[in-house]
Novice: 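Structure incoming, see below.
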Amino acid sequence: MRTIKIYSGMAEEYEIIRTDAPNQVIEEQLKRYYDGEPYELLTNSGYAVEIVGFQYDFDDGLPDIDKEFDLYGYID
């Protein structure tokens with residue numbers, strides 16, 4: 001499982017998930033982020049998804065992040 005940070009451009013909003021999905025599948029999921037459940041493609045494809053938290057949950061600092069994705073780079 002990897003720890004992934006998905007942020008929303010300059011809005012400084014983000015969420016952190018843990019998943020075993022490869023980058024290509026995460027990127028495809030981000031393209032469909034607003035078309036249903038946020039991680040439906042990942043879970044329907046058999047990958048695990050655990051929501052670690054959001055920007056308001058980390059007053060003591062962020063966990064170690066393996067990869068970051070900017071959501072705005074994938075949606076129209």
Novice: OH of Tyr7 to OH of Tyr72: how many Å apart, nearest 0.5 Å?
Specialist: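 One finds 12.0 Å between OH of Tyr7 and OH of Tyr72.
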Novice: Drop me the distance from Gln29's CD to Gln24's CD, to the nearest 0.5 angstrom.
Specialist: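 It comes to 14.0 Å.
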Novice: Are the side chains of Glu28 and Leu41 in touch, meaning some heavy atoms are under 4.5 Å apart?
Specialist: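 Yes, at least one pair of side-chain atoms sits under 4.5 Å.
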Novice: So, for Ile26 and Arg2, which heavy atoms are closest and what is the spacing to 0.1 Å?
Specialist: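 Reported closest heavy-atom pair: CD1-NH2, 3.4 Å.
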Novice: Could you report the tightest heavy-atom contact between Ala21 and Leu42, atom names first, then the distance?
Specialist: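 Taking Ala21 first and Leu42 second, the nearest heavy atoms are CB-CD2, 3.7 Å.
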Novice: For a quick test of reading the model, state the closest non-hydrogen atom pair linking Thr3 to Pro63 and the distance between them.
Specialist: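 For Thr3 and Pro63, the tightest heavy-atom pair comes out as CG2-CG, 4.4 Å.
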Novice: What is the minimum heavy-atom distance between Thr19 and Tyr47, and which atoms define it?
Specialist: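 Smallest interatomic distance, heavy atoms only, reads OG1-CB, 4.3 Å.
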Novice: Please report the interatomic distance CZ(Arg32) to CD(Glu40), rounded to the nearest 0.5 Å.
Specialist: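 Going from the CZ atom of Arg32 to the CD atom of Glu40 covers 9.0 Å.
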Novice: Considering non-hydrogen atoms only, spot the tightest contact between Ile65 and Glu68 and give its length.
Specialist: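 Minimum heavy-atom contact is CG2-CG, 3.8 Å.
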Novice: Are Glu27 and Lys31 within salt-bridge range, i.e. N to O under 4.0 Å?
Specialist: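 Lys31 and Glu27: not salt-bridged.
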Novice: Within a radius of less than 6.0 Å around CD of Glu50, do more than 12 heavy atoms belonging to other residues, nucleotides or ligands occur?
Specialist: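 Yes - once you tally the heavy atoms of other residues, nucleotides and ligands closer than 6.0 Å, there are more than 12.
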Novice: Indicate the atoms forming the closest heavy-atom contact of Phe58 with Gly53, along with that distance.
Specialist: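 Scanning both residues, the minimum pair turns out to be CE1-C, 3.7 Å.
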Novice: For residues Tyr14 and Ser8, determine if any side-chain heavy atom of one lies less than 4.5 Å from a side-chain heavy atom of the other.
Specialist: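 Side chain of Tyr14 against side chain of Ser8, heavy atoms only: no contact under 4.5 Å found.
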Novice: Less than 4.5 Å apart, any side-chain heavy atom of Phe54 and any of Ile51?
Specialist: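 They are in contact (side-chain heavy atoms under 4.5 Å apart), so the answer is yes.
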Novice: Between Leu71 and Tyr33, is there a side-chain heavy-atom distance shorter than 4.5 Å?
Specialist: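 Result yes, sub-4.5 Å side-chain heavy-atom pair found.
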Novice: If you define the side chain from C-beta out and look only at heavy atoms, does anything of Ile6 sit under 4.5 Å from Tyr74?
Specialist: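 No, their side chains stay 4.5 Å or more apart.
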Novice: Between Asp20 and Ala48, is there a donor-acceptor pair closer than 3.5 Å when you use the side chain of the first and the backbone of the second?
Specialist: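 Indeed, once roles are kept as given, a pair shorter than 3.5 Å links the two residues.
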Novice: Out of curiosity, Glu37 CD to Asn44 CG, how far, rounded to the nearest 0.5 Å?
Specialist: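 CG of Asn44 is found 10.0 Å from CD of Glu37.
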Novice: Is any side-chain heavy atom of Val52 less than 4.5 Å from a side-chain heavy atom of Ile17?
Specialist: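 Not touching, per the 4.5 Å side-chain cut-off.
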